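Below is one structure, written out as structure tokens; comments come after it.
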Amino acid sequence: MLFSSIVFLFTFLPVILLLYYIVPRRLKNLVLLAGSLVFYAWGEPVYIFLMVISILFNYVCGLDIAGNKENPEKARRSLIYCIVVNLCILGFFKYEGFLLESISTALRIEIPYRELPLPIGISFYTFQTLSYIIDVYRGEVKVQKNLVHFALYVTMFPQLIAGPIVQYTDIQRQLDARRESWGKFGEGVLFFIRGLSKKVLLANTIGAVFDGIVSLEPGQVSVLSAWLGCAAYMFQIYYDFSGYSDMAVGLGKMFGFEFRRNFYYPYTAKSITEFWRRWHISLSTWFRDYVYIPLGGNRVAAGKHVRNILIVWMLTGLWHGAAWNFVIWGMYYGLILLLEKYALSSVLSKLPAVIRHLYSLLIIMVGWVFFFSPTFGSAVDYLKLMMGAGAHGGVDDRSVYILLTNGVMWVILILGSTPAVHNIYERIIYGKKRVRVAVNCLIYGGLFLLCTAYLVTESYNPFLYFRF
Amino acid sequence: MDGSYGGGSRFVMKKHKINVTGFLKYGMLLVIFGYIILLLVQAGGDAPMNTVKEQVLGAVEMKGMKAAGTQDLKKYYGLNANDFEEVVLYLPDNVMSVNELLIIRLRSEGQAEQAEAAAKERLSTQKDNFEGYGVNQSKLLNSAILEGRGRYIFLVVGEDADKAYSAFRKSL
């Protein structure tokens, strides 16, 4: 089920909210768990069993690890067993085809295999359960003995299928005791509508521009069109994914939870290091806490640090998709981060802010080409078009038309990706409680109606990050 | 004596508990393993698109339709080809034809619902277009076949719909 669908907005959400608020406190987690399972089963009926058995498996492993606290060797073996099983399940569903095809290509033999559809959200919920298991082993969290609470942590529908990846340490207390309030609920509604608007009004609209450009025949694409296509995707993926994250945070608040923010104006970054502190923060944090630091982080010799960075970024690329272009995309960022760390930082710090910003945007745009292209070869072809090789001139009528007919949209997209709009809005209504309520109702109510109107006519608008 | 008995009992209980979780974690791996085998056996619907396309196109005469591209998929179905693994689309080649073929290979099963809804919507629009004046067209549209199977969504409209469907089933 999509957040941006009529059935979710007008049936599922009102029913689950109503049930949640009328049942006694001790049943609230159970209601939320049942709702989350229905939410998942709506789109993935076959894989609901996989999710349930995965929950039971990790729940039992958590108990086993905690039960062996006085026998560290046994606890370690149990941890390794649990991690291996979780990664094998993820690997089987997500990487089987990629692995076997790569082997087939390398050895020039045909390996027959049957690839199952990817269970939606498997990358997200596997990482969540791993964070729990590892933290139980490290003694950083108490083992969760309540199966309903643990199952809710894994399945909670606001963040189940596209994150943010919630670490157990951030949520353990909230599972046992949290407070709902009208203030928090209202804040959640605002977050949700903001996210919905980002997705429906901005990401979908600019996504159509991107689709139009990439479906052009190669000989019809000018240099400007190629850059506009890349910029369109850059904005589409930002508004799509950050919109989903805002909706997740908002829904969490409606049910009394607080999730950490997943995006912080990433396109305002003045270096790639800064960009990755602002983009998909929950994933970067996960890799930092469970891969990078255990490998030694940056408190090791330079050679090992380079190795650590490249391992983390290869895994980050692979996490996003089972294809070589994702591996290359990950390694591309790994290498740039290393360059910034060891060579460019002193140069960059002397440059004017605007140049550093342009440098970051250029690197980010090139990165998105690897991300949206189906293969490495097609990414190289697209980059060639951006550089003018094989392009239909520098600027043609079509590219000018695309630029001008979407002129207002480009301005909105650029301004909306900076904190400027939000800050100005907050400043205007700051301190005037009644005005704030009235203006919020008017603006957010209007945005919600507009989104609904769009959704009624749109038949299909999946989130880009669902495929991961 | 009582005290030492009590301590021993707790010890026995604790040991028993550890054994239970130890047993369960291995037992569950077997359940997961069995479940995946079951999925593989039952899945079907995972033949490569080239095989499916070849067999379906080979089984029917492609009269009254022509190959269409990603923009047509967006225009008539509201779907983005990039969201799916592969798409084969043939649309009517003239205004009075309703012959159509759509085969979508999904990236994940979660896409099935939306893709199928889009195909139903397209079918419904076509039925509205021909209702009342295109008797043959309406008949063909009413006997259109739309099915989701494994990783595929399949839609066919035309005189050879049954043949195409049969070839589709066999190809999986």
Side-chain angles (χ1 to χ4, degrees), chain A residues 1-2 5 40 42-47 49-50 53-54 56-68 71 74 78 81-82 85 88-89 92-93 113-122 161 207-208 210-212 214-217 321 372-374 457-462 464 466-467, chain B residues 14-15 17-29 31-36 38-48 69-74 77-86 105-122 125 150-152:
Chain A
M1 199 185 296
L2 299 172
S5 67
Y40 190 77
W42 194 275
E44 291 281 78
V46 177
Y47 286 135
F49 183 75
L50 179 69
I53 195 75
S54 169
L56 291 174
F57 174 76
N58 285 290
Y59 172 75
V60 168
C61 284
L63 292 177
D64 194 48
I65 291 167
N68 283 313
N71 187 341
K74 262 193 167 181
S78 192
Y81 170 78
C82 183
V85 170
C88 281
I89 295 172
F92 173 75
F93 283 101
Y113 67 94
R114 174 167 280 182
E115 196 179 0
L116 291 168
L118 182 69
I120 199 162
I122 190 169
I161 46 185
F210 169 72
D211 291 337
V214 291
S215 57
L216 291 172
E217 294 298 321
F372 68 65
S373 301
T457 52
E458 284 270 342
S459 59
Y460 185 59
N461 56 100
L464 294 178
F466 276 16
R467 72 180 68 159
Chain B
K14 192 177 173 191
K15 195 169 182 186
K17 205 173 168 186
I18 289 168
N19 286 340
V20 168
T21 54
F23 168 78
L24 280 175
K25 73 179 185 190
Y26 293 114
M28 274 176 197
L29 180 61
V31 176
I32 293 168
F33 197 60
Y35 170 68
I36 289 175
L38 195 73
L39 280 178
L40 286 170
V41 170
Q42 287 194 334
D46 193 42
T70 51
Q71 279 182 320
D72 296 306
L73 185 74
K74 183 74 184 169
Y77 287 84
L79 298 175
N80 296 322
N82 282 342
D83 293 332
F84 304 101
E85 204 165 289
E86 282 174 273
R105 186 174 157 91
L106 307 168
R107 279 188 202 275
S108 78
E109 199 185 306
Q111 295 180 311
E113 183 197 342
Q114 289 86 3
E116 214 167 321
K120 273 185 193 159
E121 182 75 25
R122 164 71 179 157
T125 308
R151 296 184 69 170
Y152 284 93

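Bear in mind that the values here come from a model prediction, so they are computed numbers and not experimental data. Throughout, a chain's letter reflects where its sequence line sits, starting with A, and its residues are numbered from 1.
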Q: For the pair B/Arg151 (side chain) and B/Leu106 (backbone), establish whether a donor and an acceptor sit closer than 3.5 Å, ignoring hydrogens and angles.
A: yes
Q) Which of parallel (below 30°), tilted (30 to 60°) and perpendicular (above 60°) describes A/Phe210 and A/Phe372? A) perpendicular
Q.
My understanding is that only residues two or more places apart in sequence, or in another chain, count here; which of them pass ring-ring contact (aromatic ring centres under 6.0 Å, His included) with A/Phe57?
A. A/Tyr81
Q. Of the listed residues (A/Asp211, A/Leu63, A/Val85), which shares the most heavy-atom pairs with chain B below a 4.5 Å separation?
A. A/Asp211
Q: Examine whether an atom of A/Ser78 lies under 4.5 Å from a heavy atom of chain B, and if so say whether it belongs to the side chain, the backbone or both; otherwise answer neither.
A: both
Q: With a 4.5 angstrom heavy-atom cut-off, could you sort out which part of A/Ile89 is near chain B: side chain, backbone, both or neither?
A: side chain
**Q.** Minimum heavy-atom distance between A/Tyr40 and A/Tyr47, given as atom pair plus value
**A.** CE2-O, 3.9 Å
